[in-house]
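A short write-up of the structure that comes next.
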Amino acid sequence: MEILRCNGIEKIFGKGENQVTALNGINLSVEKGDFVAITGASGSGKSTLLHILGSVDKPTKGTVTIDGVDISGLNATDSAIFRRRKVGLVYQFYNLIPTLTAEKNILMPMLLDRRTPNAKYFKAIVKTLGLEDKLECLPSQLSGGQQQRVAIARSLIYRPAILFADEPTGNLDQKNSKEIIDLLKLSNRNLKQTILLITHDEKIALEADRIVTIEDGKIVSDQTEKRR
Ligand SMILES: Nc1ncnc2c1ncn2[C@@H]1O[C@H](COP(=O)(O)OP(=O)(O)O)[C@@H](O)[C@H]1O
Ligand SMILES: [Mg+2]
């Protein structure tokens, strides 16, 4: 089942002489349960693409459909709700709320909607991410790797149609990076979470089932594991 499709995505920043074409005709389809890495040099357009797919930004041209919804057509309010409930976003920086415990941070997207999480699923996420002993801790009491695990748990709480992670290990040492990538893999396998991981690190990209490479805002290669 197709969970994400984008057609003819273009993104132009600025005007006149300062104009930058960040994306130049991106077509991409992701199946449910896939673990895809998007890779490319710095400045190739990876983050711009992720912002558009995650409905944080709008394309200049083209359409994005996630889980059957054309997000290009949503207004600002619907787009914010869609982002909270249907997509998970994880960045290099964890953006946790410093005054709230790990548990409250994980539950935050649901608390904002005055919803109660499914207790069984909450437990499964916490267990998958190895956070059982850390739920009462404040972010300042956690290591960088542990804070990123909390951020990933928060991004998963709504069982998003797709999890987007933009250089999630960019701020971590090698050991913690490996741990985070392994946990993403585990979420993909155990929770059947569809994941789109952005990284400039080819070694990390190799952990995915499929590698899409971008150069100058265009897809230049798209390989699934069997063919590598
Ligand atoms: N808000 C912006 N305004 C102007 N140019 C931008 C903006 N965001 C990104 N760009 C430009 O678009 C291109 C792609 O950037 P980006 O998507 O951040 O690349 P990557 O994440 O692969 O490093 C770069 O040339 C960058 O300078
Ligand atoms: Mg980037």
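Indexing begins at 1, ligand by ligand and atom by atom, following the structure's order.
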Completion exercise
heavy-atom search around atom 17 (O) of ligand 1 in the protein gives T48 OG1, 2.5 Å
Practice task
Say whether, by atom type as modelled, one donor and one acceptor occur between the side chain of E207 and the main chain of A37 under 3.5 angstrom.
Solution key: no
Exercise for the section: State plainly whether the residues K46 and D166 are in salt-bridge range, i.e. N to O under 4.0 Å. Expected result: no
Handout entry: G14 to ligand 1, any heavy atom closer than 4.0 Å
Key = no
Exercise for the section: Output, in order, the C-alpha distance, side-chain angles, deciding distance and verdict of side-chain contact (heavy atoms from CB on, under 4.5 Å) for V64 and I52. Expected result: CA-CA 8 Å; V64 180; I52 289 170; 3.9 Å; yes
Exercise for the section: May I have all residue pairs that pass salt bridge (charged side-chain N to carboxylate O under 4.0 Å, His left out) and include part of residues 119-143, sequence neighbours excluded? Expected result: none
Fill in the blank from the handout: When distances are taken from atom 14 (C) of ligand 1, the protein heavy atom at minimum range is G43 O, 3.4 Å
Problem - Contact flag S47/the Mg ion (ligand 2), N/O/S atoms, threshold under 2.8 Å - result: yes
Completion exercise
So the atoms of ligand 1 within less than 4.0 Å of a heavy atom of A41 turn out to be 22 (O)
Completion exercise
For atom 12 (O) of ligand 1, the closest protein heavy atom turns out to be A22 CB, 3.3 Å
Problem - atom 26 (C) of ligand 1 protein-contacted, heavy-atom criterion under 4.0 angstrom - result: no
Practice task
Would you check whether G45 has a nitrogen or oxygen atom less than 3.5 angstrom from a nitrogen or oxygen atom of ligand 1?
Solution key: yes
Problem - T21 side chain vs N24 backbone, donor-acceptor pair below 3.5 Å - result: no
Handout entry: CG-CD1 distance between L53 and I162, expressed to the nearest 0.5 angstrom
Key = 7.5 Å
Problem - Closer than 4.0 Å: a protein non-hydrogen atom to atom 22 (O) of ligand 1 - result: yes
Fill in the blank from the handout: Between the CZ atom in R154 and the CG atom in N95, the distance rounded to the nearest 0.5 Å is 6.5 Å
Practice task
Note the single closest protein heavy atom to atom 18 (O) of ligand 1, along with its residue, its atom name and the distance in Å.
Solution key: S47 CB, 3.8 Å
Exercise for the section: For side-chain hydrogen bond (donor to acceptor under 3.5 Å, both in side chains), just list the numbers for D113 and Y158, CA-CA rounded to whole Å, side-chain angles, deciding distance to a tenth of an Å, and then say yes or no. Expected result: CA-CA 11 Å; D113 284 337; Y158 251 118; 2.5 Å; yes
Exercise for the section: Note the single closest protein heavy atom to atom 9 (C) of ligand 1, along with its residue, its atom name and the distance in Å. Expected result: F13 CE1, 3.4 Å
